[in-house]
Amino acid sequence: MERGDNIIEKRLIKLLLITPTPDTNPNITNYSSPNIGLYRIKGYLEAKIPQCNVTVIDTGLEYHIDWKNWDIIGVSCLHDSLHNDIEMINVARDNNPDASIFAGGIEATVNYQTILDNSKVDGVILGAGEKPFKNIIETMLNINPIYSFDWIPGLVLRNHAIPLTQEEFDEIWSYYPVDQIPLEMYWDEIIKNRNEPYIGNIRLVDISHCTRNCIFCSVSSFNSIACGQATVPVNMISPEVIVNLLTKAKQYHPELKRCYFCGDDFLWDKDRAIKILELAEPLNFTWLIQTGMLTLDEQIINRLAGLGVNHITVGLESFIPRVLTYLKKHQNPEKIWQVAEWCRQTKINLYVLIILFIPELTYTELTETYNKLRQLQEHQIDISIEPYMMSYPQTWISNHEQCISDQYKNYIGKEYKIDQIAIPQDKKVRQIFNAFREFYPRSLAKSELHHKFKGFTSTIIIDVLGQCLKYG
């Protein structure tokens, strides 16, 4: 073992966790949210290992890193920020040659080869980070040295993660350090960026992963890739753990007034969802949830409204049945109008997610999409539009569609590429796509927005799309 030998006898292991570093940080400008995964790791490790001290640095806020005196450095990676995250790893190594440095997160799990090839990282953590970090630290402290931590020259190993049980999932979440997360700092950022009042909010990813296997999403395959299994059981935070966390959060953050369950499908188990809201009624929160259209009907929407839900996010993605089949998102797009009416009657804000330039889309379908978006606007339905189909590693899209790639240089000057956007197949749609890519950034720059929150940028996107369709 080349690194870490000098810390075996230390009484305290210092671990630095660094958030992804996108060019524009969506956690800050869009969601006013801390990095949920890194704080979850911090809470678990400090509860389980008293000799461990964990610091989280959020690169979306003003920060300064003193690189010395860290025993372990963990860098979380996202696809949109991977080039910056790789650079962060290299800066960390240059400034702390003795630290053990690990990459983690969804992008690290599904795209570890790019990270290993282009950074000075020591290893990549696959899947959830709590248990691997616990094993690493306990081995360094010689507490429970059952894992070999030897670094053998010239040997690369891949050790699959072990799926978390429901009990382990609940235990990890029970240590989520809501008392140590500076929520108010994030609320202040959202007020500054949007120049409007903001209601104190906390976000929870209440489900381990989605099981729908849409062809554009790497989140659904994240645990399967990490564990080397075709399917991994879904875990959901139990109602009791959630209510205990929110009760504690309210004690430490008195202005906290609402919670957003931003996992892929809050209603995956409807009985559990209703139990959470019933147990949490004494908190007098309002609730925001994300779910799929398949789970929504008039009865459940009425029940949710009665329990304080005032916002529902649904992933429609496309108005075109043929395109939804291509995406493997099997749902009836016309149901959105029913859902919208049920939400209107119960005064729930409906927030619809759309992907615009899907590779399979024809010109006629793109025009129909534009007209349907205008209809949503006329019905005063909030829309979140992702302009492009992103090419995330280990997805069907990345393996089968032509993509635009960005080029970067690594620490030894060798070029590497990161696929970013899937290109439309239809020639006429591609012309509109190219025009949109030219004019949308200009329109966004001329706007008075100080952020890229999709609920606000959608109006600009629809206007630019209309102009591109009109003038070709």
Enquirer: If I take atom SG from residue Cys343 and atom CD1 from residue Ile312, how far apart are they, to the nearest 0.5 angstrom?
Expert: 4.5 Å
Enquirer: Using only heavy-atom distances, determine whether the side chains of Ser81 and Thr21 contain a donor-acceptor pair under 3.5 Å.
Expert: no
Enquirer: How close do Thr295 and Ile300 get, counting heavy atoms only, and between which atoms?
Expert: O-CG2, 3.7 Å
Enquirer: Does Lys250 use its side chain to pair, donor to acceptor, with the backbone of Leu256 at less than 3.5 Å?
Expert: yes
Enquirer: Going by atom types alone, do Thr19 and Asn35 pair a side-chain donor with an acceptor below 3.5 Å?
Expert: no
Enquirer: Should Lys409 and Glu87 count as an ion pair when the cut-off is N to O under 4.0 Å?
Expert: no
Enquirer: If you measure from the Lys or Arg side-chain nitrogens to the Asp or Glu carboxylate oxygens, is any gap between Lys120 and Asp94 under 4.0 Å?
Expert: yes
Enquirer: Is a salt bridge present between Lys328 and Glu317, judged by a nitrogen-to-oxygen distance below 4.0 Å?
Expert: no
Enquirer: Is it the case that atom CD in Gln402 sees more than 12 heavy atoms from other parts of the structure closer than 6.0 Å?
Expert: no
Enquirer: Taking ring pair (Phe, Tyr, Trp, His ring centres under 6.0 Å) as the criterion, tell me which of Trp287, Tyr260, Phe285 meets it with His311.
Expert: Tyr260
Enquirer: Quick one: does Asn96's side chain have a donor or acceptor within less than 3.5 Å of a partner on Ala92's backbone?
Expert: no
Enquirer: So does Pro393 get a backbone contact from the side chain of Asn111, meaning a donor-acceptor N/O pair under 3.5 Å?
Expert: no
Enquirer: Going by distance alone, is a donor N or O of one side chain under 3.5 Å from an acceptor N or O of the other, for Asp58 and Tyr186?
Expert: yes
Enquirer: Applying side-chain hydrogen bond (donor to acceptor under 3.5 Å, both in side chains) between Lys48 and each of Glu130, Glu138, Glu171, report the one that passes.
Expert: Glu171
Enquirer: Does the side chain of Lys329 reach to within under 4.5 Å of the side chain of Leu324, using non-hydrogen atoms?
Expert: yes
Enquirer: Is there a side-chain contact between Tyr392 and Cys217, using heavy atoms and a 4.5 Å cut-off?
Expert: no
Enquirer: Below 4.0 angstrom, N of the basic side chain to O of the carboxylate: do Asp269 and Lys275 qualify?
Expert: no
Enquirer: Inspect the surroundings of NZ in Lys257 and state if more than 12 heavy atoms from other residues, nucleotides or ligands are less than 6.0 Å away.
Expert: no
Enquirer: Counting N and O atoms only, with roles assigned by atom type, does the side chain of Gln331 sit under 3.5 Å from a partner on the main chain of Gly315, one being a donor and the other an acceptor?
Expert: yes
Enquirer: Does Val232 offer a backbone N or O that forms a donor-acceptor pair with the side chain of His209 under 3.5 Å?
Expert: yes
Enquirer: So does Asp98 pair up with Lys68, basic N to acidic O under 4.0 Å?
Expert: no
Enquirer: Any side-chain heavy atom of Ser100 sitting closer than 4.5 Å to one from Ile136?
Expert: no
Enquirer: Measuring from atom SG of Cys77 to atom CE of Met88, what distance do you get when rounded to the nearest 0.5 angstrom?
Expert: 10.5 Å
Enquirer: Would you call the rings of His253 and Trp187 parallel, tilted or perpendicular, taking 30° and 60° as the class edges?
Expert: perpendicular
Enquirer: Return the minimal non-hydrogen interatomic distance between Ala103 and Ile89, and the atom names on each side.
Expert: CB-CD1, 4.1 Å
Enquirer: Enter the distance from Leu304:CG to Thr291:OG1 here, rounded to the nearest 0.5 Å.
Expert: 8.5 Å
Enquirer: Can you tell if the side chain of Tyr326 reaches within under 4.5 Å of the side chain of Ile358, non-hydrogen atoms only?
Expert: yes
Enquirer: Would you check, one step at a time, whether the test side chain to side chain contact (heavy atoms under 4.5 Å, CB included) holds for Ile207 with Trp268?
Expert: CA-CA 9 Å; Ile207 187 169; Trp268 196 80; 4.0 Å; yes
Enquirer: Counting C-beta onward and ignoring hydrogens, is there a side-chain heavy-atom pair between Asp297 and Ile301 closer than 4.5 Å?
Expert: no
Enquirer: Using atom types as modelled and distance alone, determine if a side-chain donor or acceptor of Thr395 lies under 3.5 Å from a backbone N or O of Ser391.
Expert: no
Enquirer: Tell me the closest heavy-atom pair linking Leu356 and Leu361, and the distance in Å.
Expert: O-CD2, 3.5 Å
Enquirer: Of all heavy-atom pairs between Tyr39 and Pro34, which one has the smallest distance, and what is that distance?
Expert: CE1-CB, 3.9 Å
Enquirer: Testing the basics here: between Ile354 and Ser318, what is the closest heavy-atom pair and its distance to 0.1 Å?
Expert: CD1-N, 4.3 Å
Enquirer: Can you confirm whether Trp173 sits close enough to Leu204 that some side-chain heavy atom of one is under 4.5 Å from a side-chain heavy atom of the other?
Expert: yes
Enquirer: I'd like to know whether Asp206 forms a side chain to side chain contact (heavy atoms under 4.5 Å, CB included) with Arg272, so could you lay out the CA-CA distance, the side-chain angles of the two residues, the decisive distance to 0.1 Å, and finally the verdict.
Expert: CA-CA 11 Å; Asp206 58 294; Arg272 165 189 165 272; 3.1 Å; yes
Enquirer: Salt bridge between Asp265 and Arg212, side-chain N to carboxylate O under 4.0 Å?
Expert: no
Enquirer: Yes or no on side chain to side chain contact (heavy atoms under 4.5 Å, CB included) for Leu38 and Ser76, after CA distance, side-chain angles and deciding distance?
Expert: CA-CA 8 Å; Leu38 296 190; Ser76 182; 4.2 Å; yes
Enquirer: How many angstroms lie between CD1 in Ile13 and CD in Gln51, if you round to the nearest 0.5 Å?
Expert: 9.0 Å
Enquirer: Do Leu307 and Glu278 touch side chain to side chain, with heavy atoms closer than 4.5 Å?
Expert: yes
Enquirer: Are more than 12 heavy atoms from other residues, nucleotides or ligands located less than 6.0 Å from atom CD of Glu255?
Expert: no
Enquirer: With side-chain hydrogen bond (donor to acceptor under 3.5 Å, both in side chains) as the test, would you mind laying out the steps for Ser398 and Asp419 before giving the verdict?
Expert: CA-CA 8 Å; Ser398 71; Asp419 288 341; over 6 Å; no
Enquirer: Nearest 0.5 Å, please: how far is NE2 in His79 from CG in Asp85?
Expert: 11.5 Å
Enquirer: Using only atom types and a distance under 3.5 Å, with no angle test, would you say the side chain of Thr109 pairs donor to acceptor with the backbone of Gly127?
Expert: yes
Enquirer: Is there a donor-acceptor pair under 3.5 Å between the side chain of Trp70 and the backbone N or O of Asp66?
Expert: yes
Enquirer: Take the angle between the ring planes of Tyr408 and Tyr416 and call it parallel below 30°, perpendicular above 60°, tilted in between.
Expert: tilted
Enquirer: Taking atom types as modelled, find out whether Thr247 and Asn244 have a side-chain donor-acceptor pair closer than 3.5 angstrom.
Expert: no
Enquirer: Please check if the number of heavy atoms outside Gln407 that lie under 6.0 Å from its CD is greater than 12.
Expert: yes
Enquirer: Do other residues, nucleotides or ligands put more than 12 heavy atoms under 6.0 Å from the NZ atom of Lys248?
Expert: yes
Enquirer: Between Asp117 and Lys414, does a salt bridge (charged side-chain N to carboxylate O under 4.0 Å, His left out) hold up when you go through it step by step?
Expert: CA-CA 10 Å; Asp117 285 347; Lys414 179 183 176 183; over 6 Å; no
Enquirer: Using 0.5 Å steps for rounding, measure from the CG atom of Leu327 to the CZ atom of Arg322.
Expert: 10.0 Å
Enquirer: For the residue pair Leu17 and Thr55, establish whether any side-chain heavy-atom pair is separated by less than 4.5 Å.
Expert: no
Enquirer: What heavy-atom pair brings Ile73 and Leu15 nearest, and what distance separates the two atoms?
Expert: N-CD1, 4.4 Å
Enquirer: Is there a donor-acceptor pair closer than 3.5 Å between any side-chain N or O of Asp122 and the backbone N or O of Ile101?
Expert: yes
Enquirer: For Ser218 and Ile106, what are the C-alpha separation, side-chain angles and deciding distance, and is it a side chain to side chain contact (heavy atoms under 4.5 Å, CB included)?
Expert: CA-CA 8 Å; Ser218 58; Ile106 293 177; 3.8 Å; yes
Enquirer: Say whether, by atom type as modelled, one donor and one acceptor occur between the side chain of Lys335 and the main chain of Leu296 under 3.5 angstrom.
Expert: yes
